[in-house]
Enquirer: 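Before I ask anything, here is the structure I am working with.
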Amino acid sequence: MDSYGLIGYPLGHSLSPQIHQRLFGLEGLDRPYSLLAFPPEELPGQIGRLRQLRGFNITIPYKQALFPYLAGLDGRAAFYHSVNTVSVQNGEMTGYNTDCIGFLRTMQSHNVRLDGSVCVVGAGGVGRMFALEAAREGAQVTVAVRAASRAKGEALAEEILQKCGVRAQVAASETLDAPFSLLINATPVGMFPQVDACPVSERQIAQCAVVFDCIYNPRETLLMRRAKMLGAQVVGGMDMLVWQAAIAHEIWHGSHFTPEQIDPITAEMEQLLAAREAQA
Ligand code: NAP
């Protein structure tokens, strides 16, 4: 029987097995999905076992480390030099990046357009991806970083210019004060257990039509609560977590999922996470 899994180290209390089991259920499949945690020095010895799987997902620290073992690379994975999903056929591994498509499908499912003025707060792994995807979609991009990290913001703006041919603004997140059609939080600010933190001021939030917080724990961050109160449309990070997993199934099996199928899984995973926290 075809087997699947998630590789990473450490893996902690990943929701991936539960999300993927729900997706297999929608496809009418009953397949094993395991957490495969091993330290980096064991990666070469694990490749034979990974080639036996039908597909697997990848998290830190293997998103680049797997490159030498891949027979092929999807366009987005090459563009970001980052692989989070592998499809295995006849022992040959092909790498994909479903984070970016998961982000785009999340925005589509909430009717959020990316071609307006988009501010991405944070210039780390996922912030870089949001900013580049928004630029590809025709947005006027602002990258907001802590004043002390301005060089990282400038480096991302330079990458956007090189890869997408558009000039992005760089701003300080502490003093951000401008209207945006979409503001995205791509920092861990507000994540459990620091739930009383918010990455931008209320004055800034009041100037945003839509706020997407990619944090999924807690389900509703302080940023999201404030944005809702101030009348913005709000989208949370669990949507993206589930969509990027769904895209992996679309790659593995040629399935296609609709928001009506994905939304109940998102709600279920949010409840599962809340129940886990209540027990902790
Ligand atoms: P990362 O590579 O470590 O980047 C984090 C970014 O946040 C950096 O730019 C960092 O800036 C900034 N930052 C950290 N603390 C800050 C603060 N107090 N004020 C302002 N900026 C701050 O992390 P990542 O992988 O991009 O992940 C970021 C968040 O996205 C995490 O919460 C993660 O859980 C979430 N995420 C969600 C999904 C999803 O599917 N929903 C997927 C991936 C990631 P400095 O350089 O100044 O430290």
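Here, residue 1 is the first one in the sequence, and each next residue gets the next number. Atom set for the values below is all heavy atoms of this structure, side chains included, hydrogens, waters and symmetry mates excluded. Both ligands and their constituent atoms are indexed starting at 1 by order of listing.
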Enquirer: Heavy atom to atom 21 (N) of ligand 1, shortest distance: which of D239, V120, T187 holds it?
Expert: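 Answer by nearest heavy atom: T187.
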Enquirer: Need the ligand 1 atom indices (1-based, order shown) with element for anything under 4.0 Å from a heavy-atom of L241.
Expert: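 Close to L241: 40 (O).
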Enquirer: Counting non-hydrogen protein atoms only, what is the nearest one to atom 6 (C) of ligand 1? Give residue, atom name and distance.
Expert: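 Protein heavy atom at minimum distance: A186 O, 3.8 Å.
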Enquirer: Among protein heavy atoms, which sits nearest to atom 37 (C) of ligand 1, and what does the distance come to when rounded to 0.1 Å?
Expert: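 In this structure, atom 37 (C) of ligand 1 has C214 O, 3.2 Å as its nearest protein heavy atom.
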Enquirer: What is the closest protein heavy atom to atom 8 (C) of ligand 1, and at what distance does it sit?
Expert: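 Going atom by atom, the protein heavy atom closest to atom 8 (C) of ligand 1 ends up being G124 N, 3.9 Å.
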Enquirer: With heavy-atom distances below 4.0 Å as the criterion, list the atoms of ligand 1 near Y216.
Expert: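 Under 4.0 Å from Y216, ligand 1 has these atoms: 41 (N).
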Enquirer: Side chain, backbone, both or neither: which part of R128 comes within less than 4.0 Å of ligand 1 when only heavy atoms are counted?
Expert: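 Neither part.
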Enquirer: Please check: side-chain N/O of S109 versus main-chain N/O of T106, any donor-acceptor pairing under 3.5 Å?
Expert: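 Yes.
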Enquirer: Answer with side chain, backbone, both or neither: which part of A197 has a heavy atom less than 4.0 angstrom from an atom of ligand 1?
Expert: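 Neither; nothing of A197 gets under 4.0 Å from ligand 1.
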Enquirer: Check whether L35 and I58 end up in the same hydrophobic cluster, where Ile, Leu, Val, Met, Phe, Trp and Tyr are linked by side-chain heavy atoms less than 4.5 Å apart.
Expert: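 Shared cluster, no.
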Enquirer: Taking the side chain as C-beta and beyond, is there a heavy-atom pair between D263 and V242 under 4.5 Å?
Expert: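 D263 vs V242: side chains apart.
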Enquirer: Is there a polar contact, in the sense of an N or O pair closer than 3.5 Å, between M238 and ligand 1?
Expert: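 In this structure, M238 places no N or O atom under 3.5 Å from an N or O of ligand 1.
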Enquirer: Starting from atom 2 (O) of ligand 1, find the nearest protein heavy-atom neighbour and note its residue, name and distance.
Expert: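 The closest heavy atom on the protein side is G125 N, 2.9 Å.
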Enquirer: Report, in ascending order of atom number, the atoms of ligand 1 lying under 4.0 Å from any heavy atom of A123.
Expert: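 Those of ligand 1 that fall under 4.0 Å from A123 are 9 (O).
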Enquirer: Hey, can you tell me if F103 and F130 have their rings parallel, tilted or perpendicular (30° and 60° cut-offs)?
Expert: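 Aromatic pair F103/F130 classed tilted.
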Enquirer: Any idea which heavy atoms bring M240 and V126 closest together, and the distance?
Expert: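 For M240 and V126, the tightest heavy-atom pair comes out as CE-CG2, 4.0 Å.
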Enquirer: Would a single hydrophobic cluster contain both Y80 and V120, if residues Ile, Leu, Val, Met, Phe, Trp and Tyr are joined by side-chain heavy-atom contacts under 4.5 Å?
Expert: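 Yes; Y80 is reachable from V120 via cluster members.
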Enquirer: Which atoms form the tightest heavy-atom contact between W252 and R54, and what is the distance?
Expert: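 Smallest heavy-atom distance, with atoms named: O-NH2, 2.8 Å.
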Enquirer: Is atom 4 (O) of ligand 1 in close reach of the protein, with a heavy atom under 4.0 Å away?
Expert: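 Within 4.0 Å of atom 4 (O) of ligand 1, protein heavy atoms are found.
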Enquirer: Is a side-chain N or O of T98 found less than 3.5 angstrom from the main chain of Q244, in a donor-acceptor match?
Expert: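 Yes, T98 side chain to Q244 backbone: donor-acceptor pair under 3.5 Å.
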Enquirer: At a 4.0 Å cut-off, with the gap strictly under it, does some heavy atom of Q244 reach an atom of ligand 1?
Expert: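 Contact check Q244 vs ligand 1: negative.
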Enquirer: Do you know which two heavy atoms are closest between G8 and T59, and how far apart they sit?
Expert: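 For G8 and T59, the tightest heavy-atom pair comes out as CA-CG2, 3.9 Å.
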Enquirer: So is there a nitrogen or oxygen of R146 less than 3.5 Å from a nitrogen or oxygen in ligand 1?
Expert: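 Yes, since at least one N or O of R146 sits under 3.5 Å from an N or O of ligand 1.
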Enquirer: Please report which non-hydrogen protein atom sits nearest to atom 46 (O) of ligand 1, along with the residue it belongs to and the distance in Å to one decimal place.
Expert: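 Nearest protein contact, heavy atoms only, for atom 46 (O) of ligand 1 is K152 NZ, 2.6 Å.
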Enquirer: Is the number of heavy atoms from other residues, nucleotides or ligands under 6.0 Å of Y216 OH greater than 12?
Expert: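 No, not enclosed.
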Enquirer: Which of the numbered atoms in ligand 1 are below 4.0 angstrom from a heavy atom of G122?
Expert: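 In order of number, 9 (O).
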Enquirer: Would you find more than 12 non-hydrogen atoms of other residues, nucleotides or ligands less than 6.0 Å from I60 atom CD1?
Expert: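 Atom CD1 in I60 is not crowded, with 12 or fewer foreign heavy atoms closer than 6.0 Å.
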Enquirer: Report the part of P188 in contact with ligand 1, treating N, CA, C, O as backbone and CB onward as side chain, heavy atoms under 4.0 Å; options are side chain, backbone, both, neither.
Expert: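 Both backbone and side chain.
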Enquirer: Looking at R167, I'd like to know if its CZ atom is crowded, meaning that more than 12 non-hydrogen atoms belonging to other residues, nucleotides or ligands lie closer than 6.0 Å.
Expert: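 Atom CZ in R167 is not crowded, with 12 or fewer foreign heavy atoms closer than 6.0 Å.
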Enquirer: Can you see whether Y62 engages Q46 through a side-chain donor-acceptor pair at a distance of less than 3.5 angstrom?
Expert: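 Distance-only check fails for Y62 and Q46.
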Enquirer: Is it the case that ligand 1 has an N or O less than 3.5 angstrom from some N or O of S173?
Expert: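 For ligand 1, there is no N or O atom that lies under 3.5 Å from one belonging to S173.
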Enquirer: Can you check whether M240 has an N/O within less than 3.5 Å of an N/O in ligand 1?
Expert: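 For ligand 1, there is no N or O atom that lies under 3.5 Å from one belonging to M240.
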Enquirer: Give the residue, atom name and distance (to 0.1 Å) of the protein heavy atom nearest atom 27 (O) of ligand 1.
Expert: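 I find the closest protein heavy atom is V126 CG1, 3.9 Å.
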Enquirer: Would you say R113 has more than 12 foreign heavy atoms packed within less than 6.0 Å of its CZ?
Expert: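 No, because the 6.0 Å sphere around CZ of R113 holds 12 heavy atoms or fewer from other groups.
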Enquirer: Does P199 have a heavy atom less than 4.0 Å from any atom of ligand 1?
Expert: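 No; P199 lies far enough from ligand 1 that no heavy-atom distance drops under 4.0 Å.
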Enquirer: Which of the atoms in ligand 1, numbered in the order shown and given with their element, are less than 4.0 Å from a heavy-atom of I215?
Expert: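 This gives 32 (O) as the contact atoms.
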Enquirer: On the ring face of F257, is R105 found with NZ or CZ under 6.0 Å from the centre and within 45° of the axis?
Expert: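 No - R105 does not lie over the ring of F257 by the 6.0 Å and 45° rule.
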Enquirer: Tell me whether V189 reaches ligand 1 (any heavy atom closer than 4.0 angstrom to a ligand atom).
Expert: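 Right, V189 reaches ligand 1.
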Enquirer: Quick check on contacts: which atoms of ligand 1 are under 4.0 angstrom from a heavy atom of M191?
Expert: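 So the answer, numbered in order with elements, is 32 (O), 34 (O).
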Enquirer: For atom 47 (O) of ligand 1, what is the nearest protein heavy atom, given as residue, atom name and distance?
Expert: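 For atom 47 (O) of ligand 1, the nearest protein heavy atom is S149 OG, 2.4 Å.
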Enquirer: Is the closest protein non-hydrogen atom to atom 33 (C) of ligand 1 under 4.0 Å?
Expert: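 Under the 4.0 Å cut-off, atom 33 (C) of ligand 1 has no protein heavy-atom neighbours at all.
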Enquirer: Taking atom OH of Y9 as the centre, does the number of heavy atoms from other residues, nucleotides or ligands within less than 6.0 Å exceed 12?
Expert: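 No - once you tally the heavy atoms of other residues, nucleotides and ligands closer than 6.0 Å, there are 12 at most.
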Enquirer: From atom 23 (O) of ligand 1, is the closest protein heavy-atom distance below 4.0 Å?
Expert: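 Under 4.0 Å from atom 23 (O) of ligand 1, zero protein heavy atoms found.
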